[in-house]
Amino acid sequence: RRPISPRWRGLHRLMLRPDGSPRCVACMMSETACPDRCIYITPAETTDGRIEKYPAAFEIDLLRCCYCGLCVEACPEDAIRMAKEIPALPSPDRGAMWLGREELLEWQPASDPAKPYPARPLPAAAIPATGPGAKP
């Protein structure tokens with residue numbers, strides 16, 4: 001096996017919310033930002049009132065991916081990350097290089113624990129007041 005460059009960004013994984021649901025809201029930003037068009041998201045509406053959509057399917061074709069990390073940067077929910085730990089890659093089987101939603105959610109590398117970063121809202125003073133009653 002050849003050594004992998006230390007500049008390699010890593011392999012994709014989807015993050016979970018504290019309640020165990022996927023953090024992805026199927027906004028399609030990571031699919032749109034992907035230059036190789038290797039990310040496929042199928043959105044579905046949710047009955048939960050907290051979010052509007054969730055990914056019914058989230059698939060990545062690793063054979064087409066250039067591992068640029070643009071999907072990670074484009075995600076507004078920090079739902080997709082890349083971990084430098086290497087699972088069993090490459091594979092002689094093409095089917096093994098196609099990751100689905102469940103594989104992306106289940107793989108938790110030892111170098112990056114599964115604890116998601118807590119959402120930090122902006123303080124009220126940092127949000128500019130706009131509208132008819134706003135003071136200049």
Side-chain angles (χ1 to χ4, degrees):
R1 187 175 203 172
R2 290 181 153 172
I4 294 178
S5 170
R7 297 189 319 175
W8 188 61
R9 290 175 182 87
L11 188 64
H12 310 83
R13 68 187 183 120
L14 287 176
M15 301 304 296
L16 296 172
R17 290 192 173 95
D19 66 353
S21 64
R23 193 180 264 192
C24 180
V25 293
C27 67
M28 311 301 278
M29 294 287 287
S30 56
E31 181 178 349
T32 304
C34 181
D36 292 334
R37 304 285 183 237
C38 65
I39 298 176
Y40 307 98
I41 302 172
T42 305
E45 291 186 19
T46 170
T47 57
D48 186 8
R50 295 177 301 148
I51 57 173
E52 184 178 334
K53 296 184 290 184
Y54 74 98
F58 194 109
E59 299 170 336
I60 298 178
D61 184 0
L62 296 178
L63 293 173
R64 294 183 67 184
C65 183
C66 66
Y67 301 92
C68 63
L70 290 177
C71 56
V72 176
E73 293 178 22
C75 181
E77 296 289 323
D78 190 31
I80 186 168
R81 293 186 191 168
M82 294 178 89
K84 288 194 175 264
E85 189 172 314
I86 305 164
L89 285 179
S91 173
D93 181 21
R94 287 182 175 260
M97 300 300 287
W98 188 274
L99 297 181
R101 179 179 159 221
E102 298 308 316
E103 292 91 1
L104 291 167
L105 286 170
E106 289 172 1
W107 183 64
Q108 298 297 329
S111 62
D112 192 13
K115 296 178 183 173
Y117 295 130
R120 293 182 291 163
L122 289 174
I127 302 172
T130 59
K135 295 180 182 177

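Residues take their numbers from the sequence shown, with the count starting at 1. Atom set for the values below is all heavy atoms of this structure, side chains included, hydrogens, waters and symmetry mates excluded.
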Revision key, fill the gap. Heavy atoms of H12 and L104 approach each other most closely as O-CD2, 3.6 Å

Review point. With no hydrogens and no angle check, is any side-chain donor or acceptor of R37 less than 3.5 Å from a backbone partner on T32?
Key: yes

**Study point:** OH on Y67 to CG on L11, rounded to 0.5 Å
**Key:** 6.0 Å

Review point. Do W98 and I39 share a hydrophobic cluster (ILVMFWY, side-chain heavy atoms under 4.5 Å, transitive)?
Key: no

Revision key, fill the gap. Tightest non-hydrogen contact, residues I41 and A26, listed as CG2-CB, 4.2 Å

Review point. Honestly curious: do V25 and I80 fall in one hydrophobic cluster under the side-chain, below-4.5 Å linking rule?
Key: no

Check your understanding: When hydrophobic residues are tied together by side-chain contacts of less than 4.5 Å, even through go-betweens, does L99 share a cluster with M82?
Key -> yes

Exercise for review: Heavy atoms only: give me the nearest P35-L70 pair and the separation to one decimal.
Suggested key: CD-CD1, 3.9 Å

Check your understanding: Could you state the interatomic distance from CZ (F58) to SG (C24), rounded to the nearest 0.5 Å?
Key -> 5.5 Å

**Study point:** Side-chain (K53) to main-chain (P43) donor-acceptor, under 3.5 angstrom
**Key:** no

Practice item. Indicate if M15 and M29 have the same hydrophobic cluster label, given that clusters are the connected sets of ILVMFWY residues with side-chain heavy-atom separations under 4.5 angstrom. Key: no

Review point. So which heavy atom on R64 is nearest to which on Y40, and how close?
Key: NH1-OH, 2.9 Å

Revision key, fill the gap. Interatomic distance, CG@D78 vs CD@E73, rounded to 0.5 Å, equals 12.0 Å

Practice item. Write down the atom of C38, the atom of C34, and the distance for their closest heavy-atom approach. Key: N-SG, 3.4 Å

**Study point:** Minimal non-hydrogen separation, R101 against P22, with atom names
**Key:** NH2-CG, 3.3 Å

Review point. Taking the side chain as C-beta and beyond, is there a heavy-atom pair between R50 and D19 under 4.5 Å?
Key: yes

Check your understanding: Are I60 and L14 linked, directly or through other ILVMFWY residues, by side chains that come within less than 4.5 angstrom of each other?
Key -> yes

Check your understanding: R9 side chain to C68 main-chain N or O, any donor-acceptor pair under 3.5 Å?
Key -> yes

